[in-house]
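Below you'll find the structure, written out as structure tokens, and then a few comments.
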Amino acid sequence: MIHVYRRKIGDLWCAVAVEDEKVWTTTFATSEKECMQQVLENVPYNNPFQSEEKPSPLAEKIFDTLQSFLAGGSISWDFRFEWSHLSKYAQKVLECLTNVPVGYVTSYKALAETAGGGPRAVGQVMASNPFAPLVPCHRVIKADFSIGGFGGGKGSVKLKRKLLQREDKGFEKPSQVKTECGMLKVFPVKFLRKD
DNA sequence: TGCAAACCATAAC
DNA sequence: GTTATGGTTTGCA
């Protein structure tokens with residue numbers, strides 16, 4: 001049985017779906033309705049699930065993590081994602097992405113160069129990212145440093161920008177990080193085009 | 001700038 | 001097997 005929980009953290013709604021010690025999906029949105037809708041989309045359709053008020057210890061831990069993340073902190077990865085049902089390629093892209101630090105962004109292109117495939121394929125993976133925002137899909141932008149798209153409704157691109165600006169650590173120069181697939185280029189949040 | 005064509009993994013037929 | 005579809009990129013006017 002999969003259990004779904006929700007909570008309002010700051011000005012955002014967050015929700016998680018967990019089963020035993022595994023995390024199926026996490027998500028966030030500006031409204032409770034959107035948020036719940038997104039979680040349900042990521043739970044395999046014929047799996048039984050139930051929605052509950054009182055968080056399990058694991059859910060509690062994830063909410064704590066989300067809270068510190070939304071306050072601008074980094075994430076501790078001491079829980080297990082259930083992503084074995086995702087394609088090999090998707091797993092690879094998501095794994096690479098987890099290495100992008102707070103205060104930096106990367107591009108669809110750079111991610112494609114490291115994880116394989118093409119920029120649009122990377123976009124596909126982002127669009128169906130089951131672990132937002134823990135797997136930081138909001139830190140992926142277009143190669144020209146414009147903001148790019150973002151899942152989940154209308155004002156969501158604005159939300160993406162807001163999240164990134166909240167994460168800005170004042171870094172000045174591009175860098176690269178090590179991933180299981182090789183080096184990945186990352187850029188300071190500052191590089192982002194204002195528009 | 002703005003538009004068309006190439007790009008690559010998936011989902012739907 | 002084939003076609004359509006993106007959170008894209010590039011080239012060329």
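Side chains included, hydrogens not; waters and symmetry mates left out as well; all remaining heavy atoms used. Note on naming: letters A, B, ... go to the chains in the order of the sequence lines (proteins, then strands), and numbering restarts at 1 for each one.
Across all strands shown, A:G151 has heavy atoms under 4.0 Å from base atoms, whether or not it also approaches the sugar-phosphate. Contacts of A:G149 with the nucleic acid, taken as non-hydrogen atoms under 4.0 Å apart, include base atoms. At a threshold of 4.0 angstrom between heavy atoms, the contacts of A:V140 include nucleobase atoms, whether or not backbone atoms are also involved.
Spacing between atom CG of A:L86 and atom C1' of B:dA9 amounts to 13 Å, rounded to whole angstrom units. The CZ-C1' distance, from A:R193 to C:dT8, rounds to 14 Å in whole Å. Spacing between atom CG of A:L97 and atom C1' of C:dG7 amounts to 12 Å, rounded to whole angstrom units. Here C:dG6 presents its P atom at 19 Å from CG of A:N129, a figure rounded to the nearest Å. With rounding to whole Å, A:Q91 atom CD is found 10 Å from B:dT10 atom P. Summarising the geometry, the separation between NZ on A:K88 and P on B:dT10 is reported as 12 Å, rounded to the nearest angstrom. One interatomic measurement links the two molecules: CG of A:D144 to C1' of B:dG2, which rounds to 14 Å at whole-angstrom precision. For the pair A:L94 CG and C:dG7 C1', the interatomic distance rounds to 14 Å; values are reported in whole Å.
Nearest nucleotide to the A:Y89 side chain, out of C:dG7, C:dT8, B:dA9: B:dA9. The side chain of A:R120 lies closest to B:dA6, out of B:dA6, C:dT9, C:dG7. Comparing B:dT10, B:dA6, C:dG7 by their nearest atom to the side chain of A:F150 picks out C:dG7. Minimum atom distance to the side chain of A:A127 is reached by C:dG7, of the listed C:dT8, C:dG7, B:dA9.
Relative orientation of the A:F81 and A:W77 rings is perpendicular, given thresholds of 30° and 60° on the angle between their planes. Classification of the A:W83-A:F131 ring pair by plane angle, with boundaries at 30° and 60°, yields perpendicular.
What you find for A:C96 and A:C181 is that their closest heavy atoms are SG-SG, 3.2 Å.
Judged by closest nucleotide on DNA chain C, A:A121 is the one of A:A143 and A:A121 placed further toward the 5' end.
Panel note: side chain A:R166, backbone A:G72; no donor-acceptor pair is recorded below 3.5 Å. Side chain of A:T106 to backbone of A:K185: a donor-acceptor contact under 3.5 angstrom is found. Judged purely by atom type and a 3.5 angstrom limit, A:Y89 has no side-chain atom pairing as donor or acceptor with the backbone of A:V125.
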In dot-bracket notation, what is the pairing pattern of DNA chain C, taking Watson-Crick (N1-N3 plus N6-O4 or O6-N4) and G-U wobble (N1-O2 and O6-N3) contacts under 3.5 Å, with [ ] crossing and | for other strands? ||||||.||||||
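Using a 4.0 Å cut-off, some side-chain N or O of A:K109 falls inside it from OP1 or OP2 of C:dT10.
One finds no salt bridge joining A:K8 and A:E32 here, because no Lys/Arg side-chain nitrogen approaches an Asp/Glu carboxylate oxygen to under 4.0 Å.
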